[in-house]
Amino acid sequence: MSKLRFAAIGINHAHIYGQVDCLLRAGAELVGFHAVEDDLARAFAAKYPLVPRVAERARLLDDKTIALILSSGIPADRAPLGIEVMRHGKDYMSDKPGMTSLEQLAEVRRVQAETKRIYSVCYSEHFETRSTVKAGELIAAGAIGKVINTVGLGPHKLKNLPRPDWFYSRERTGGVLTDIASHQCEQFLFFADALDAKVVSATVANRANPDRPELQDFGEMLLRTGDVTGYVRVDWFTPDGLPNWGDGRITILGTEGYMELRKYIDVAGQPGIEHLIMVDRKGVHRIDCSNVELPYGRQLISDVLNRTETAIPQARCFKAMELALTAQAMAEGRA
């Protein structure tokens, strides 16, 4: 197969556009999509007018020329679809969260080991932010010494856009730590250069939305791997005064310095996005990330075609979701 052909099934979250575009930029070909919602399908077709909408998803699953299926369906539906995709001999890229329960994760792991297919979760706060990629390069080169702690914050604006009913369902979303904090769990493992970790403590709450009792608008957890610790806080309390959807950021402490990544906005007034500030023994540095490559799409295509594991280790992909799901269960008193 000289050019990877892929399709999308389930486009309920707008993250699907980032998932598709990262592959298109790397030279893959989008050959079809399936969506049951007419309004979502119209928007998707407007963005990709040459791509046919397929009425029956089985047509895409049975098409042997399609190597990879993408999905940003309703979170609870992503793992069952991924299992179906793998059993059809195809690889799979899910939006995060890649699954919404530990039971789903166990079944996905079993089928992935059985089929040897790729089950990738697109952790976009890593794979689609140049500052995160650059920070990884700098840390690997020893710029701040040995990493000893991370603080990952994922604040979001609740009224950033209209929310569908499923958004307010605990069963359908998996909860705030399962959903949003899976980003921070993956980055903790990435910066700690670890494939295993434990949840030390976790909390979820509904602090200010009594009219939506299943919505968890606040969550936090503490992680540990070896002698590296990480704190995670996610919430839906970004005020309307912020001009974008949220102020996602992470601080990485090393033995010889630290970094702060303000990925989407610098509230101190510096224009643009992708702000990486590093403090080391020589001074304070603001590092330009504008020309940093985002390699995930290119690497995933190579992995699909060559049966390699360069975009993300499968073990880290699953462990990040395991940490988020374990923290969710712990916070809800189920673990």
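Computation of the quantities below employed the complete heavy-atom set of this structure, encompassing side-chain atoms and omitting hydrogens, waters and symmetry-equivalent molecules.
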Backbone N/O of Arg5 and side chain of Glu29: donor-acceptor pair under 3.5 Å
no
Side chains of Tyr168 and Thr173, donor plus acceptor under 3.5 Å:
no
Over all atoms of both residues, closest heavy-atom pair of Gly136 and Phe191:
N-CE2, 3.8 Å
Within a strict 4.5 Å, meaning less than it, do heavy atoms of the Arg130 and Ser290 side chains meet?
no
Ile139 and Val147, any side-chain heavy atoms less than 4.5 Å apart:
yes
Side-chain donor-acceptor pair present, Thr310, Gln299, cut-off under 3.5 Å:
no
Student check: side-chain heavy atoms of Arg307 and Asp303 closer than 4.5 Å
no
Just how far is it from atom CG of Asp77 to atom CD of Gln104, taken to the nearest 0.5 Å?
8.5 Å
Given the options Asp91, Ile11, Ile9, Ile16, Leu70 meets side chain to side chain contact (heavy atoms under 4.5 Å, CB included) only with Ile16
Are Glu56 and Arg59 close enough for a salt bridge, meaning some N to O gap below 4.0 Å?
no
Within the 4.5 Å heavy-atom criterion, are Asp280 and Tyr258 side-chain neighbours or not?
no
Minimal non-hydrogen separation, Cys122 against Asp95, with atom names
O-OD1, 4.3 Å
Value for CD1 (Ile301) from CG (Leu68), rounded to nearest 0.5 Å, stands at 8.5 Å
Relative to each other, are the rings of Phe44 and Phe33 parallel, tilted or perpendicular (30° and 60° limits)?
tilted
Going by distance alone, is a donor N or O of one side chain under 3.5 Å from an acceptor N or O of the other, for Asp235 and His156?
no
Side-chain H-bond candidate by donor/acceptor type, Gln19 with Glu128, under 3.5 Å
no
Is there side-chain contact between Val31 and Phe6, with at least one heavy-atom pair below 4.5 Å?
no
Pro97 and Asp179: which non-hydrogen atoms are nearest, and at how many Å?
CD-OD1, 3.4 Å
Just checking, any donor-acceptor pair under 3.5 angstrom between side chains of Thr65 and Asp63?
yes
Parallel, tilted or perpendicular: which one describes the rings of His15 and His183, with boundaries at 30° and 60°?
perpendicular
Can you find a pair of side-chain heavy atoms, one from Ile265 and one from Leu242, that are under 4.5 Å apart?
yes
Flag the pair Arg109 and Glu322 as a salt bridge only when some basic side-chain nitrogen lies within less than 4.0 angstrom of an acidic carboxylate oxygen.
yes
Report yes if some heavy atom in the side chain of Cys22 is under 4.5 Å from a heavy atom in the side chain of Phe127; otherwise report no.
no
Is there a side-chain contact between Lys263 and Glu125 in this structure, where contact means two heavy atoms from C-beta onward sitting under 4.5 Å apart?
yes
Look at Asp38 together with Arg53 and state whether they make a salt bridge at an N to O cut-off of under 4.0 Å.
yes
Answer yes or no: does atom CG of Asp165 have more than 12 heavy-atom neighbours from other residues, nucleotides or ligands under 6.0 Å?
no
Do Glu186 and Ser182 have side-chain atoms, one donor and one acceptor, less than 3.5 Å apart?
no
Between Lys319 and Leu195, which heavy-atom pair has the shortest distance, and what is it?
CG-O, 3.5 Å
Could you tell me whether Arg212 and Glu214 have a side-chain N and a carboxylate O separated by less than 4.0 Å?
no
So, do Trp236 and Phe218 have ring centers that fall under 6.0 Å from each other?
no
Polar contact flag, side-chain donor to acceptor under 3.5 angstrom, Thr225-Lys198:
no
Please evaluate residues Arg57 and Asp62 with respect to the criterion salt bridge (charged side-chain N to carboxylate O under 4.0 Å, His left out), reporting the C-alpha separation (whole Å), side-chain torsions for both, the decisive distance (0.1 Å), and the verdict.
CA-CA 9 Å; Arg57 73 181 194 176; Asp62 293 336; over 6 Å; no
Between Glu220 and Tyr231, a side-chain donor and acceptor under 3.5 Å:
yes
Less than 4.0 angstrom from a charged side-chain N to a carboxylate O is my criterion; do Glu332 and Arg170 meet it?
yes
